[in-house]
Amino acid sequence: MSGRLVEELTRRAALAMREVFEVDADPEVRPTNDPRFGDYQINGVLPLARRIGGNPRQLATRLLEGLDLGDMCLPPEIAGPGFINLRLDPFWVAREAGRVASDPRANISPVQAPQCVVVDFSSPNVAKRMHVGHLRSTIIGDALVRTLRFLGHRVVGDNHVGDWGTQFGILLWAWERHADQAALDADPIGELERLYKLGSEAAKADPQVADACRAELAALQAGDPERLALWKRFVAISRADAEAIYARLGVSFDTWHGESFYHERLAGVVERLCERGLARESEGAIAVFFDEDGDLGGTPLLVQKSDGAYLYATSDVATAEYRIETYAPDRIVYVVDVRQSLHFKQLFATLEALGYDQVRFEHVGFGMMLGADGRPFRTRDGGTVTLAALLEEAEERILPIVAEKWPDASEDEQRDIARRVGYGAVKYADLSQNLTTDYRFDWDKFLAAEGNTGPYLQYALVRIRSVLREYEVRVGRPFVADGAPLRLEADQERELATELLKLGDALDSAARLSRPHIVCEYLFGVARRFSPFYAACPILGAPDEGLRDSRVALAVATARTLEIGLDCLNIPLLDRM
RNA sequence: GCGCCAGUAGCUCAGCCGGAUAGAGCAACGGCCUUCUAAGCCGUAGGUCAGAGGUUCGAGUCCUCUCUGGCGCGCCA
């Protein structure tokens with residue numbers, strides 16, 4: 001067993017199909033949605049009946065003759081028009097759950113065929129402070145990286161910083177006219193923002209200024225030493241600001257290859273696109289054109305402006321090529337705002353036309369973060385909310401609760417708890433939503449320790465850890481799970497234990513589909529099943545020592561599951577809250 | 001105008017490649033601290049899956065159309 005039940009059951013069922021019917025077909029193993037039908041069901045017999053003919057129930061009967069479920073399941077039952085219901089054998093569950101308790105990886109082995117995956121995420125623009133618009137990409141990308149990595153894939157997390165575009169022309173222009181060295185020393189990123197705002201407003205108001213900004217950019221890209229030196233300074237300032245945020249979030253990257261990194265490849269990209277007949281001149285610019293029909297219809301992808309400058313599409317092609325040459329990835333995942341989906345469709349079509357069809361290009365698009373009122377998330381006076389301010393607020397909102405509950409704790413400890421809970425709540429709020437649509441950010445909802453929230457999951461873990469500390473006090477030594485089968489007597493114990501065996505499937509699905517909320521849903525289910533167990537089954541006060549140790553082990557297995565899941569999501573863990 | 005995404009309980013959302021009687025949480029109502037953290041737990045109630053057709057053994061899920069909302073459509077990223 002690899003710790004993936006669906007995968008294992010699918011493998012065995014597919015094997016049986018091949019032996020009995022001599023066909024390759026998907027047995028369509030799914031969890032049931034009704035306990036009366038067992039734990040899993042094989043649905044694939046019905047489509048098979050249509051394909052090869054015959055009565056589905058009879059086919060199911062024949063399939064069962066060739067189906068070896070080992071000791072995993074009780075004897076399967078055929079139900080309805082031809083479903084096969086599988087019920088996990090309680091002894092098997094007890095044994096596997098015992099192993100979850102004793103294994104640091106909760107019994108989940110690394111995947112047999114690791115892939116190389118490049119994850120492009122966060123990617124803030126230089127010259128601006130990080131704000132809530134950057135949160136989702138950062139959090140979701142980080143979670144995908146960690147989940148893929150836990151599963152054994154080779155992952156390159158790349159921060160594709162916007163450090164070579166139009167904003168530098170604006171910034172340089174503004175610097176030359178409004179530079180304030182003292183302000184830059186005092187509040188570097190604030191000063192950059194001030195300059196950028198000045199420049200961009202001037203450029204918007206006056207076309208001549210806009211031209212001047214473009215000229216500045218051209219001079220920079222042409223390698224003017226003075227401008228390059230300034231550029232380096234600006235980039236460093238932005239990076240320091242971003243790093244401070246990443247440190248608070250615990251996010252890290254393998255590479256920081258910003259757009260400037262690919263600068264020298266851009267001319268070659270355009271040349272190659274033209275040679276291949278993919279791009280051509282149009283209204284003074286150079287663009288890749290697509291068929292009029294379909295999603296890409298009508299609008300071309302611009303790769304060179306009429307003034308000779310390159311665009312982000314050019315840079316994106318160069319970036320993909322670099323990644324393919326350097327890492328030979330199986331997948332390249334772009335965690336970027338869903339509003340750019342047309343751009344990515346065009347980009348991917350272009351890359352495929354260039355012959356890079358061995359790579360799965362994937363745009364993980366996500367919606368906007370809205371306020372609780374459904375309008376864009378803003379400060380009271382309508383300004384952009386910085387990430388720093390958001391994290392600050394999360395901490396400040398939690399702190400009084402901590403101070404009230406743990407008045408004896410030092411202020412440092414109270415702050416530490418408030419940060420872990422507050423930051424965790426913010427992250428979880430983001431991760432637990434399905435990606436595609438906008439979502440409402442509601443402090444009261446996300447900071448609550450009830451419902452599907454970060455604090456609720458942290459709280460479940462805290463209660464387990466507290467029990468384990470108490471065990472140590474009462475027994476005189478820490479509990480060590482020995483991997484023995486559990487004694488699952490109460491319904492609450494069985495349901496919890498069964499749920500714990502599904503972590504591997506949840507992580508697999510989340511990684512395969514790039515949807516971290518699958519992990520959230522799963523962990524919430526675990527925590528929700530832990531509560532009744534905790535309420536109904538005294539752990540340390542169990543009627544006998546054997547049952548006590550079994551329950552402690554079940555608690556340890558639960559903690560392990562939550563720890564691994566939360567760690568993949570990069571939600572902070574804690575001992576008390 | 002064309003395209004993308006969404007519409008599921010009062011509210012916020014799940015529903016994995018089409019599977020059996022559509023699930024959670026919040027809010028509402030009723031209970032639970034003398035025992036391991038009550039930032040908690042248990043229970044009750046709540047549905048024309050936007051609407052209309054279609055595909056098939058079977059549709060919240062796939063197709064067509066309509067309505068509503070969000071977003072995107074050549075020299076920004």
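Note on naming: letters A, B, ... go to the chains in the order of the sequence lines (proteins, then strands), and numbering restarts at 1 for each one.
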First of A:N43 and A:T436 reached from the 5' end of RNA chain B, by closest nucleotide: A:T436
Assert: residue with more 5' nearest nucleotide on RNA chain B, out of A:D26 and A:L217, is A:D26
Without hydrogens or angle criteria, can the side chains of A:E362 and A:S514 be said to hold a donor-acceptor pair below 3.5 Å? yes
Is it true that the side chains of A:N452 and A:Y428 contain a donor and an acceptor less than 3.5 Å apart? yes
Report which part of the nucleic acid [X] touches: base, sugar-phosphate, or nothing (heavy-atom distance under 4.0 Å, all strands).
{"X": "A:N85", "answer": "base"}
{"X": "A:A285", "answer": "base"}
{"X": "A:C520", "answer": "nothing"}
{"X": "A:W164", "answer": "nothing"}
{"X": "A:L311", "answer": "sugar-phosphate"}
{"X": "A:A79", "answer": "base"}
{"X": "A:Y534", "answer": "base"}
{"X": "A:V462", "answer": "base"}
{"X": "A:T166", "answer": "sugar-phosphate"}
{"X": "A:N55", "answer": "nothing"}
{"X": "A:Q41", "answer": "base"}
{"X": "A:P538", "answer": "base"}
{"X": "A:V402", "answer": "base"}
{"X": "A:R528", "answer": "sugar-phosphate"}

Can you spot which of A:I539, A:V556, A:L540, A:D575 makes a side chain to side chain contact (heavy atoms under 4.5 Å, CB included) with A:L468? A:V556
Per the side chain to side chain contact (heavy atoms under 4.5 Å, CB included) rule, which among A:L63, A:D24, A:L59 passes with A:M17? A:L63
Syn/anti state of B:C33 by chi, 90° boundary around 0: syn
Using the purine O4'-C1'-N9-C4 or pyrimidine O4'-C1'-N1-C2 torsion, is B:C41 syn (within 90° of 0) or anti? anti
The side chain of [X] is closest to which nucleotide in this list: [options]?
{"X": "A:H517", "options": "B:A39, B:G15, B:C13", "value": "B:G15"}
{"X": "A:R469", "options": "B:C4, B:U37, B:C42", "value": "B:U37"}
{"X": "A:R30", "options": "B:A77, B:G40, B:C17", "value": "B:C17"}
{"X": "A:E283", "options": "B:C36, B:G74, B:C5", "value": "B:G74"}

Whole-Å distance separating the [atom1] atom of [X] from the [atom2] atom of [N]:
{"X": "A:H343", "N": "B:G74", "atom1": "NE2", "atom2": "P", "answer": "14 Å"}
{"X": "A:D438", "N": "B:C4", "atom1": "CG", "atom2": "P", "answer": "18 Å"}
{"X": "A:D34", "N": "B:G19", "atom1": "CG", "atom2": "C1'", "answer": "13 Å"}
{"X": "A:E7", "N": "B:C17", "atom1": "CD", "atom2": "P", "answer": "17 Å"}
{"X": "A:E28", "N": "B:C57", "atom1": "CD", "atom2": "C1'", "answer": "14 Å"}
{"X": "A:R280", "N": "B:G74", "atom1": "CZ", "atom2": "C1'", "answer": "12 Å"}
{"X": "A:M369", "N": "B:U12", "atom1": "CE", "atom2": "P", "answer": "17 Å"}
{"X": "A:L513", "N": "B:C16", "atom1": "CG", "atom2": "P", "answer": "10 Å"}

Assess whether one donor atom and one acceptor atom, taken from the side chain of A:S306 and the base of B:C75, lie less than 3.5 Å apart. yes
Quick one: the side chain of A:R465 and the base of B:U37, do they pair up donor-acceptor inside 3.5 Å? no
Considering only NZ, NE, NH1 and NH2 on the basic side and carboxylate oxygens on the acidic side, decide whether [X] and [Y] come within less than 4.0 Å.
{"X": "A:R420", "Y": "A:D416", "result": "yes"}
{"X": "A:R474", "Y": "A:E470", "result": "yes"}
{"X": "A:D39", "Y": "A:R87", "result": "no"}

Before you tell me yes or no, could you show the steps for A:D316 and A:H343 under side-chain hydrogen bond (donor to acceptor under 3.5 Å, both in side chains), namely the whole-Å CA-CA distance, both residues' side-chain angles and the distance that decides it to 0.1 Å? CA-CA 10 Å; A:D316 280 350; A:H343 166 72; 2.8 Å; yes
Please confirm whether the ring centroid of A:F83 lies under 6.0 Å from the ring centroid of A:F37. no
Just need the stems in RNA chain B: three or more back-to-back Watson-Crick or G-U pairs, each with both distances under 3.5 angstrom, sorted by first number. B:1-7 with B:67-73, B:10-13 with B:23-26, B:28-32 with B:40-44, B:50-54 with B:62-66
Quick one: do A:T437 and A:N434 satisfy side-chain hydrogen bond (donor to acceptor under 3.5 Å, both in side chains)? Show the steps, please. CA-CA 7 Å; A:T437 47; A:N434 202 347; over 6 Å; no
Using atom [atom1] in both nucleotides, what's the gap between [N] and [M] to the nearest angstrom?
{"N": "B:A24", "M": "B:A9", "atom1": "C1'", "result": "11 Å"}
{"N": "B:G69", "M": "B:A20", "atom1": "P", "result": "33 Å"}
{"N": "B:G46", "M": "B:U8", "atom1": "C1'", "result": "14 Å"}

Looking at B:G19 and A:F83: do their rings stack (centroid distance under 5.5 Å, interplanar angle under 30°)? no
Grab the N/O contacts between the protein and nucleotides 30-34 of chain B below 3.5 Å, and write none if there aren't any.
none

On the 0 to 90° scale, with breaks at 30° and 60°, tag the A:H160-A:Y262 ring pair as parallel, tilted or perpendicular. tilted
Test the A:K305-A:Y312 pair against the cation-pi criterion, namely NZ or CZ under 6.0 angstrom from the six-membered ring centroid and within 45° of the ring axis. no
